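Following: one structure in structure tokens, then a few remarks.
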Number of protein chains: 4
Amino acid sequence: MTEQNHLLEEVLQEDKSLTDKQRQILIAATEMFAEKGFAATSTNEIAKKAGVAEGTIFRHYKTKKELLLSIVTPMMVKMLGPIIIKDMNKVLDKEYEHFEDFLRAMIKNRKEFLEKNLKVVQIFLQEIPFHQELREQFIEHVGKKVLNRFVQIIEHYQQKGQIVNIPATTIIRLTASTIMGHFATKYVIGAKWNDDEEINQMITFLMKGLAPEE
Amino acid sequence: MTEQNHLLEEVLQEDKSLTDKQRQILIAATEMFAEKGFAATSTNEIAKKAGVAEGTIFRHYKTKKELLLSIVTPMMVKMLGPIIIKDMNKVLDKEYEHFEDFLRAMIKNRKEFLEKNLKVVQIFLQEIPFHQELREQFIEHVGKKVLNRFVQIIEHYQQKGQIVNIPATTIIRLTASTIMGHFATKYVIGAKWNDDEEINQMITFLMKGLAPEE
Amino acid sequence: MTEQNHLLEEVLQEDKSLTDKQRQILIAATEMFAEKGFAATSTNEIAKKAGVAEGTIFRHYKTKKELLLSIVTPMMVKMLGPIIIKDMNKVLDKEYEHFEDFLRAMIKNRKEFLEKNLKVVQIFLQEIPFHQELREQFIEHVGKKVLNRFVQIIEHYQQKGQIVNIPATTIIRLTASTIMGHFATKYVIGAKWNDDEEINQMITFLMKGLAPEE
Amino acid sequence: MTEQNHLLEEVLQEDKSLTDKQRQILIAATEMFAEKGFAATSTNEIAKKAGVAEGTIFRHYKTKKELLLSIVTPMMVKMLGPIIIKDMNKVLDKEYEHFEDFLRAMIKNRKEFLEKNLKVVQIFLQEIPFHQELREQFIEHVGKKVLNRFVQIIEHYQQKGQIVNIPATTIIRLTASTIMGHFATKYVIGAKWNDDEEINQMITFLMKGLAPEE
DNA sequence: GATGAATGAGTATTCATTCAT
DNA sequence: TATGAATGAATACTCATTCAT
């Protein structure tokens, strides 16, 4: 089985400032938020599951919502690390000469990320409609930075004549939809399939769909 | 402005057994569930917004959850009406000789449905992770019937050599992801764009991506 | 099986002013009050069990409490009928020359009454601690009249030298306790026994216990 | 005035694990349950009378019913302590050579118990028709153990030829009815009388009534 | 006479949060 | 730092009662 709460492990190992109790609280809250949703999970339940007094939760997190954010925010930061940390323009030329290679690497990378953060991503997706903070954080951290970076990348491959010449944002949307649809089918619907083959078909579909006009 | 609660209008016009108060309750609840989510909406708020005593809600709906289901269930039933009502195999040959025409009709139809039921669909998507009843209803009503129908349709066009010969479910997933990604971008992110042009690009993308191998 | 709601039958047959619905309400209410208690029975439940609209109950009985009283009061009136209706002093001399005969007749009579009114008596006993009206009614109707009558009777037999010369009220209390203990054991605890034999033992016990000093 | 809530005093003094607030809750609840009955007493009233927030009640007692049981159960346990704690067979021979002495001791002991637990006993008697748990508890704790013990005792005196040779359970019923009738008259009806004299008359009545046949 | 929709006060219970220890 | 008792506002839901039809 893949580890679905890798992020929490990292958090508890890396962040030496956290108490043991705090770690237990984060683990318990993640589990319950993912399962029942934020609004339907009581701090009492979290405390019990974490083996901690209810007061202890509020010693570390002023409000229940702060606890939610402290789970979701680091995930969002880590999510874009691999994308913006290094200057991708240079790397790209060398690492991925063809758009298809880039696509394949991207999918592999996101797949690993998802598998390691399944529950937190689930919480994020479930709660984003109800919390403006989450939406703002997402737009601030991910939206602008990542979208800009991707536009650059897409235009890079367009200039090399590898993909069709329509607006970069449209290409990103089409690609992202396809990839996210793949993961959604896999995790939400819980489908069992031959993953490698499905990914190959997806890439073939994307490469054909985005092929430049002759 | 497009009417976002068309379903409710229909319900209140068609179903003569409903009280005026009941209609007000359904409208108020839909608005609030969409905005704040089911768990975070109190029956007290709904009553106030509907201009009704709190007890009146429970005279008509035994529990808060029953109220939720009474909003979402009819939407799900209507959702598939146009798809399964007529024998599509026969109709197809005549109505849509090309897969592209079918695609275009499908997108137009779903677009109209979405625009008329935006809020209820939003509630459905937001709440489905938290309510097993919703998942079961969806699988029961939509999942089996609709998926089977679509498989037939896809295989029909595959036999005519119009689309690539990979598993029908994979084609459905790729197509559905692309279309849902389009709507998601449009409604959730609230993007403003030239809709017709975007749809054309999406169809071009799909037709190229699903074109048969030469 | 003995009819446990004979009183209700009488009420519905004798009192021609009652509607059918009213009869159904009285029967349903009696059943539920006996089973769950007055406070824990809702008018909604009564209406459902009676197959009547909730409003109908309040058309006939202004309040729930009035419904309770309309069940219990007639029972109380009937309870003492046989005792005070006729001039017992005269009758006694002729009918029951010996205290033992009087006792035996009394027990038989009360036994029949109880068997015919089991549920209503049960309601009365269960509710008397909580309703001053019931206590007042009981003291007014039963307490004074009946107690006085019994004192006369006891003193009558004391003068005849058949029973011990202690205060009549004490004798009444001892006798009543014994008889009520018998019925309580029988009905509340639900004991199965040879009734005639038990009654004989009880009478022997009472006659010995109340025998005059030598 | 006699102390009517001695049990509560004991509970609050012996059980060091109880909070002050908890004690106040128990006292207030006992008072109100006795006066108005369990079903007709609201937790809001109890909280106000106890000078406590309503939530505090539910921190200590999961449900209102649990609060009721926590008041009544210890009373039931204490009720039989003096009867089953020691091996009565041995004690009897020495302590009470005559049945009359045993009776007198018994009545004195029960009288003291009642005076110390008047309200809780009242609650118990009022609520027992409505709560199966109470009936089960009573049968479990009191019914079996105590009845068996009493049968032994009665048979002991029968063998000594001091009381009549009818079934022990009948004797117990007759005796218990008489004693309970005495207390009922005293406390429920609230009679004022010369207690010692009444008790003497009761004992005389019982001894005569249960005297062996010649 | 009978209905049943509507009410609003009331119900037991849960909640996130505080604070003295 | 951690506790858990205490809070009081809020929760979903029930109630006896009213009233227009």
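In what follows, chains carry the letters A, B, and so on, assigned in the order in which the sequence lines appear, proteins first and then strands, with residues in each chain numbered from 1. Predicted model, so just to flag it, every value in this text is computed and none were measured.
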Legend entry - Nucleotide pairing, DNA chain E (Watson-Crick or G-U, distances under 3.5 Å), in dot-bracket with [ ] and |: .||||||||||||||||||||
Legend entry - B:Thr19 side-chain N/O to B:Gln22 backbone N/O, donor-acceptor pair under 3.5 Å: no
Legend entry - Atom NZ of B:Lys65 with >12 non-hydrogen neighbours under 6.0 angstrom: yes
All N/O contacts under 3.5 Å from nucleotides 10-14 of chain E to the protein, with atom names and distances to one decimal?
{"unit_1": "E:dA12", "atom_1": "OP1", "unit_2": "D:Thr41", "atom_2": "O", "d": "3.4"}
{"unit_1": "E:dA12", "atom_1": "OP1", "unit_2": "D:Lys64", "atom_2": "NZ", "d": "2.9"}
{"unit_1": "E:dA12", "atom_1": "OP2", "unit_2": "D:Thr43", "atom_2": "N", "d": "2.9"}
{"unit_1": "E:dA12", "atom_1": "OP2", "unit_2": "D:Thr43", "atom_2": "OG1", "d": "3.0"}
{"unit_1": "E:dT13", "atom_1": "OP2", "unit_2": "D:Lys64", "atom_2": "N", "d": "2.6"}

Inset, instruction - Kindly confirm or rule out a cation-pi arrangement of A:Lys64 over A:Phe38, judged by NZ or CZ under 6.0 Å from the six-membered ring centre and within 45° of its axis? - result: yes
Legend entry - Nucleotide interval of DNA chain F bounded by contacts with chain D (heavy-atom cut-off, under 4.0 Å): F:dA5 to F:dG8
Legend entry - Separation of E:dT3 P from C:Gln22 CD (nearest whole Å): 12 Å
Inset, instruction - For C:Thr19 and for B:His60, find the nucleotide of DNA chain E with the closest heavy atom, then tell me which residue's nucleotide is more 5'. - result: C:Thr19
Inset, instruction - Ignoring hydrogens and angles, state whether a donor on the side chain of D:His60 or D:Lys21 is under 3.5 Å from an acceptor on the partner side chain. - result: no
Inset, instruction - Would you confirm whether C:Thr56, through its side chain, and C:Val52, through its main-chain N or O, come within 3.5 Å as a donor-acceptor pair? - result: no
Legend entry - Expected output: side-chain A:Thr73 to main-chain A:Ser70 donor-acceptor under 3.5 Å: no
Legend entry - Donor-acceptor contact below 3.5 Å, side chain B:Gln122 vs main chain B:Ala34: yes
Inset, instruction - With DNA chain F as reference, determine whether D:Ile57 or A:Ala53 sits nearer its 5' end, using the nearest nucleotide of each. - result: A:Ala53
Inset, instruction - Using the side chain to side chain donor-acceptor pair (under 3.5 Å) rule, take D:Glu136 and D:Gln132 through it: C-alpha gap first, then chi angles, then the decisive distance, then the call. - result: CA-CA 6 Å; D:Glu136 282 167 2; D:Gln132 218 196 322; 2.9 Å; yes
Inset, instruction - May I ask you to decide if D:Asn44's main-chain N or O and D:Glu54's side chain share a donor-acceptor pair within less than 3.5 Å? - result: yes
Inset, instruction - For D:Glu45 and D:Ser42, indicate whether the former's side chain and the latter's backbone hold a donor-acceptor pair under 3.5 Å. - result: yes
Inset, instruction - Let me know the distance between CZ of A:Phe33 and C1' of E:dA16, rounded to the nearest Å. - result: 12 Å
